[in-house]
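In what follows, a single structure is set out as structure tokens and then discussed.
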Amino acid sequence: MTRYSVSLVNGDGIGPDLATSGRILLESISEYSGVKFDIVEVEAGDNALVKYSKALPDFSFDTIKKSDVCLKAPVGEHAADVILVLRRYFELYANIRPAKSYPNVKSLNPSVDLVVVRENTEDIYLGWEFPIGDEAVIGLRLTTAEASRKIALYAFEEALRRGGKKRVVCVHKSNVMRVGDTMFSRISKDIARQFPEVEFSESYVDACAMNLIRNPEKFDVILTTNLFGDILSDEAAQVVGGLGLAPAGNIGNKFAIFEPVHGAAFDIANKNIANPSSMFLSIKMMLEWLADRNKNNDSTKLIELGTKIENTLLSLLKENLKTIDVGGNLHTDEFTKKFITKLII
Ligand code: ATP
């Protein structure tokens, strides 16, 4: 039996509530299945900045480096000083954000099952902004062939892994960003040739944003750059009922961080009403990544546990046992309790 060490970032706003729910789920899995998780809590974010004058203190960074994988609750105002640093350090080049319709959750369409595969290291997120006096700013956007190739390859492999519609749409704005996005588009076309079994198309980002509302069920894998992926994945989450059900993974060759798509949601902090499903589904993604990475005896078990997490959510939703954001009346702790009870029986 393998033990996996999980660094758990507590975060800010609704972060600590979600971290608690995530911890309870991992502890239950450790108790009732053959897979064991050693959870190490990590302080990072606004609270850490106040306490230690650094949003990602060195000792927190070291704990994350020593772990097998990181599970991160949302961080508040200083999210960029935490997640952007971690994404760069661990070279987490792929940001994977699935969006799926679930029963009894208001969705624009009942058959949505898509994933946004977002380039995670470049674009405008490098923060290269330079003021020109007080009245103007120049911002630089980086696109490299290497990062474009890596993310395109990931998107096609993901289409095969999912085994669904096997459809990749490359989303860009090459009619305006004629050099960078034309390169991104050309590279995705080159990679597409290696995957004849995957249907490939391209879309400008504005058309894609519209079609996500008009025909969300037609999408399978959306391959795109950093900023467009950030925006389209929030839109996709809302199409299927809101951010409370939206998980994400930041994947690199050696390490990965799983986290809800949403931020710290200060408007609902300390009220015990956050939906922990985004955290539970992030844990499902984490188990699948561990299975894929450690192709050992545990792999099948980890995949089964991931499926069990999603089936537990499905079955609670079918019984209309839901948190407030998706039209139910359960609080975070109540929903977590029901989730764990259903998971282990
Ligand atoms: P950021 O700017 O970092 O994305 P934010 O706090 O502006 O963060 P989000 O946290 O992304 O916004 O979420 C937007 C809104 O969606 C929140 O204000 C909240 O009402 C709702 N929301 C987000 N996550 C959840 C959740 N897990 N459960 C319930 N409601 C949520």
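Computed from heavy atoms alone, side chains included, the values below leave out hydrogens, waters and symmetry copies. We count ligands from 1, going down the list as the structure has it; atoms in each ligand are counted the same way.
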Taken to the nearest 0.5 Å, the spacing of M285 CE from L281 CG works out to 9.0 Å
Below 30° counts as parallel, above 60° as perpendicular, anything between as tilted: where do the rings of F61 and Y89 land? perpendicular
Mark the output for A79 as yes if a heavy-atom distance to ligand 1 is under 4.0 Å, and as no if none is. no
Regarding E122 and N226, do their side chains bring together a donor and an acceptor under 3.5 Å, going by distance alone? no
Distance below 4.0 Å between atom 27 (N) of ligand 1 and any protein heavy atom? yes
Heavy-atom distances under 4.0 Å are what count here, so tell me which part of D267 touches ligand 1: side chain, backbone, both or neither. side chain
Which atom of V9 lies closest to which atom of A44, heavy atoms considered: CG1-CB, 3.9 Å
Let me see the working for K54 and D58 under salt bridge (charged side-chain N to carboxylate O under 4.0 Å, His left out), right down to the final yes or no. CA-CA 8 Å; K54 212 167 173 190; D58 294 348; 2.8 Å; yes
Which distance, rounded to the nearest 0.5 Å, do you find between the CD1 of I39 and the OG of S67? 12.0 Å
Proximal atoms of ligand 1 relative to D325 (non-hydrogen, under 4.0 Å): 28 (N), 29 (C), 30 (N)
Could you list which atoms of ligand 1 come closer than 4.0 Å to a heavy atom of A274? 28 (N)
K173/D181 ion pair, N-O < 4.0 Å: no
So, regarding G263 and ligand 1 (criterion: nitrogen or oxygen to nitrogen or oxygen, under 3.5 Å), is there a contact or not? yes
How far is atom 13 (O) of ligand 1 from its nearest protein heavy atom, and which residue and atom is that? L243 CD1, 3.6 Å
Just to be sure I read this right, does ligand 1 sit under 4.0 Å from the backbone of I268, its side chain, both, or neither, counting only heavy atoms? side chain
Give me the one residue out of R161, R167, R162, K165 that meets salt bridge (charged side-chain N to carboxylate O under 4.0 Å, His left out) with D220. R162
Hey, what do you get for OG (S21) to CG (L26), rounding to the nearest 0.5 Å? 11.0 Å
Got the closest protein heavy atom to atom 5 (P) of ligand 1, with its distance? A265 N, 4.3 Å
Measuring from atom 24 (N) of ligand 1, which candidate in H262, K271, E77, M279 has the nearest non-hydrogen atom? H262
If we set the cut-off at 4.0 Å for heavy atoms, which region of I14 has an atom near ligand 1: side chain, backbone, both, or neither? side chain
Please confirm whether G244 comes within less than 3.5 Å of ligand 1 when only nitrogen or oxygen atoms on both sides are compared. no
Is_contact(atom 21 (C) of ligand 1), protein non-hydrogen, under 4.0 Å: no
With a 4.0 Å heavy-atom cut-off (strictly under), which part of S277 contacts ligand 1: side chain, backbone, both or neither? neither
